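Notes follow the structure.
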Amino acid sequence: MHNEKDRIYIFDTTLRDGEQSPGASMNTEEKIIIAKQLENLGVDIIEAGFPIASEGDFHAVKRIAREIKKCQVAALARANKTDIDRAWQAIKLAAQPRIHTFISSSDIHLKYQLHKTRSQVLKEAVAAVKQAHAYTENVEFSAMDATRTEKRFLVDMVSAVIDVGAKTVNIPDTVGYAIPEEYGNLIAYLFSHVKNMGSTIISVHCHNDLGLAVANSLAAVKNGARQVECTINGIGERAGNTAMEEIVMALDTRKALFGLHTKIKTEQIIKSSRLLTQVTGIPVQPNKAIVGANAFAHESGIHQDGLIKEKSTYEIMTPQSVGISDTHIVLGKHSGRNAISQHYKKMGYILTEDQLNKIAAKVKDLADKKKDIYDEDLEAILYEEVYRGKDKYTLVYLNVVSGNVAIPTATMEMQVDKEIVRDAGFGNGPVDATFAAIRNITKTNYSLLKYAVNAITGGSDAMGEVNVQLKYDGYSVIGRGAHPDVIVASAKAYINALNRLEFLKENTKKVKVE
Ligand code: KIV
Ligand code: ZN
C-alpha cells in the first residue's frame, strides 16, 4: 500500500520552460494536444504557460485550463500585481488552478539584474504570494537561482512565503550549477531550518547545464522534496530541464532504494515523447535514456546471449513498461479501415469517423509505396493529417527534375491563404531547387539554420523525416515534414517552418536565437 507522504508529485513544464527551448514554440492547438497527452500520462500538474508573455500564451493557457480536468493547471507569474492578475484571468476556470509566482533570491541576480535589495525582494515575494492566495489556496512560490542564494536568506524567504500561504515552495537550480550531494544537502538544510514547514511541499526544478538535472532531482527527493518539475524529453531553456521519463523511471526501477512512487502511467511515456517530437520537430538523440531509439537495443553478442537466457541479465526495465510494443510491423497494403482504426486504438488514439477517413486514404497511399507500416509511420500520418492546425501555406503540387545532366529544377503549386500560386526554382540539387521555388512563391527569404533528414523506420522504402530550422529577425522555428519521398518531406518541413514563423509573428512572441 502506498503512503501519501511517499508520493512524488510530477509537475510538468513542457509547455512553459520546455517551450523556451530554441525552436520549440507551439501554437495553441499543438499545446492542447500535448496537454491532453500529459493528462493521459497522469502528471499531477501541467504548467500551461506564462500568460503575461503574449496574447498567444494567455489564450493557450486559458484553453488548457478549460479543457483539462484531471490535472492541476498552473500559470506562471513574476512577483508583481499585473502578472498575477493576468495569470489568474487565464486559469480561473480550471478544475484545479494553481498560481506559480517567482522572484530571484541570489545576490548575483539582485545586484546585476533586479537592482534590488534582499529586503525588497522579500517584501515583493510576500506581497505576491498574498495576492495570489486571495485568488486561490493553490499557490506555488519559486526562489529563482535558489542554489546560488545565501542559505540563511533562502530560509528567511521560504519561511516568509509559507507564512502568507504558499503551499508549494520551489528551490530551482536555475542555471544548472548544483552538484547532487550539495543540492540534497540544501534541501535537508531547509527542512531543518525552516520552522514553519508544516505540510508545505518542497519542489525541485533543475536545469541540465552540467548534465546533472535528473541526478540533482533524485538527491533532492532523497532529502524530502516531494514535487519534481520536469519536461518530456528533457527539453527546456539551454541544456534543458529534468527529463520526465528519466526521473519517473529511476524512481520506478529503483523503488526499493527510494521507497517513493508517482502516479505516472509509464506505458504512456513513449507516446508522449514521440508526440512532442512530432509537434515541435525537435528530435530525440538515439542514445537518450528511456526514449532514444537505442535505449532498449542490445548490440553486443554477449548481451544478446544473456538476454536470451534470462532478460534480467542485461535489462533493468522492460520496453513494454514505457510503452514500446512487442511487434513493430503493424499494417500493410491489405489492411482495411477497421484494422487501421483498431491499430490506432491499440496505440492509444481513438479516431473519429472523419479523422479515420482522412487517415485511411493516406495509410493506403503509403502502403502502395512501402511494404511494412510501423507505429512511427502511423503517428507521422496522424500528426500531418489530423493534428496540424490551419496553415497560411500548403503544398499542392511539386515536380522536381534532377540528375547529373539536368539543372535541378522544381515546379511547384502552393495555396497561400485562399489563393493558388505557381512558380519554379533552380538550385544546386533537388532540395535547394525546391526551397528556391517555395521562396519565390511565398516571397520570403529567411536564413536556413539547419536541414536534417532521417528515416523514420529502417529500409530504403522508409518514410523520410525532415527537420528544417529557419531564422528571421530574432525568431527561430523548427519545421517538420514526413513523406516516403524525401524531397516532398523537405518541402513540407520548409512550409511547416514558414507556417510556424507566421504564427509566431502574429502572436508577437520572440524566441531569441542564442
Ligand atoms: O529555472 C527557473 O528558475 C524557472 C523558474 C521560473 C521556476 O524556470
Ligand atoms: Zn527553469
Side-chain angles (χ1 to χ4, degrees), residues 9-22 24-25 44-53 57 61 72-80 83-84 86-87 90-91 98-110 112-114 121 124-125 128-129 132 138-149 153-154 157-158 161 166-178 183 186-187 190 200-214 216-217 220 225 227-244 247 511-512 514:
Y9 290 88
I10 296 295
F11 176 108
D12 184 280
T13 183
T14 305
L15 296 173
R16 199 277 300 167
D17 218 331
E19 212 215 1
Q20 286 170 222
S21 307
S25 58
D44 298 286
I45 303 109
I46 296 176
E47 186 163 52
F50 188 19
I52 199 80
D57 260 51
V61 176
Q72 298 177 42
V73 176
L76 186 69
R78 287 167 298 187
N80 69 57
D83 275 34
I84 292 171
R86 192 78 174 143
I91 52 161
R98 171 181 292 198
I99 297 176
H100 176 195
T101 183
F102 72 98
I103 196 162
S104 289
S105 52
S106 70
D107 287 339
I108 299 182
H109 282 206
L110 266 51
Y112 297 107
Q113 190 184 14
L114 300 186
V121 291
E124 287 174 29
V129 172
N138 193 355
V139 178
E140 171 170 341
F141 173 79
S142 286
M144 186 142 122
D145 204 20
T147 50
R148 294 191 300 168
T149 298
F153 179 57
L154 190 60
M157 193 173 239
V158 172
V161 294
K167 292 277 177 289
T168 304
V169 179
N170 186 28
I171 309 298
D173 184 26
T174 304
V175 291
Y177 180 72
Y183 193 51
L186 174 63
I187 302 300
L190 291 175
T200 311
I201 294 206
I202 290 293
S203 171
V204 289
H205 174 114
C206 298
H207 281 272
N208 207 28
D209 300 67
L210 294 173
L212 293 170
V214 174
N216 283 335
S217 304
Q227 175 176 288
V228 175
E229 308 201 354
C230 50
T231 59
I232 299 173
N233 297 343
I235 67 166
E237 187 79 33
R238 305 180 312 278
N241 290 58
T242 300
M244 175 280 299
I247 188 87
V511 179
K512 284 281 174 209
E514 314 223 301

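All values reported here derive from a predicted model rather than from experimental measurement. When a ligand or atom number is given, it counts from 1 through the structure's own listing order. Here, residue 1 is the first one in the sequence, and each next residue gets the next number.
When side chains are defined from C-beta on, S203 counts as touching E140, because their heavy atoms get closer than 4.5 Å. In this structure the side chain of D209 reaches within 4.5 angstrom of the side chain of R238, judged on heavy atoms. Between D17 and H207, some side-chain heavy-atom pair lies under the 4.5 Å cut-off.
Across S217 and T242, no two heavy atoms sit closer than the pair OG-OG1, 3.0 Å. In terms of heavy atoms, Y183 sits closest to N216 at CD2-O, 3.2 Å.
Scanning the protein for heavy atoms near atom 4 (C) of ligand 1, the closest one is H205 NE2, 3.5 Å. When only non-hydrogen protein atoms are considered, atom 3 (O) of ligand 1 lies nearest to T174 OG1, 2.7 Å. Closest to atom 7 (C) of ligand 1, if we only count protein heavy atoms, is S142 OG, 3.7 Å. The protein non-hydrogen atom at the shortest distance from atom 5 (C) of ligand 1 is R16 NH2, 4.0 Å.
Distance check for D17 against the Zn ion (ligand 2): an N/O/S atom falls below 2.8 Å.
The number of heavy atoms from other shown groups lying within 6.0 Å of CZ (F153) is above 12.
Here D17 has side-chain heavy atoms under 4.0 Å from ligand 1, and that is the only part of it that gets that close. At a heavy-atom cutoff of 4.0 Å, ligand 1 is contacted by no atom of E229, backbone or side chain.
Considering the Zn ion (ligand 2) as centre, the angle to NE2 of H205 and to NE2 of H207 is 100° (10° rounding).
For ligand 1, the atoms closer than 4.0 angstrom to any heavy atom of M144 are 3 (O). Within ligand 1, counting atoms from 1 as listed, the ones closer than 4.0 Å to a heavy atom of P172 are 3 (O).
At under 3.5 Å, a nitrogen or oxygen of H207, whether backbone or side chain, sits near a nitrogen or oxygen of ligand 1.
Take D83 and apply the salt bridge (charged side-chain N to carboxylate O under 4.0 Å, His left out) test, not counting sequence neighbours, and it matches R78.
Going from atom CD1 of I108 over to atom OG1 of T149 covers 9.0 Å, rounded to the nearest 0.5 Å.
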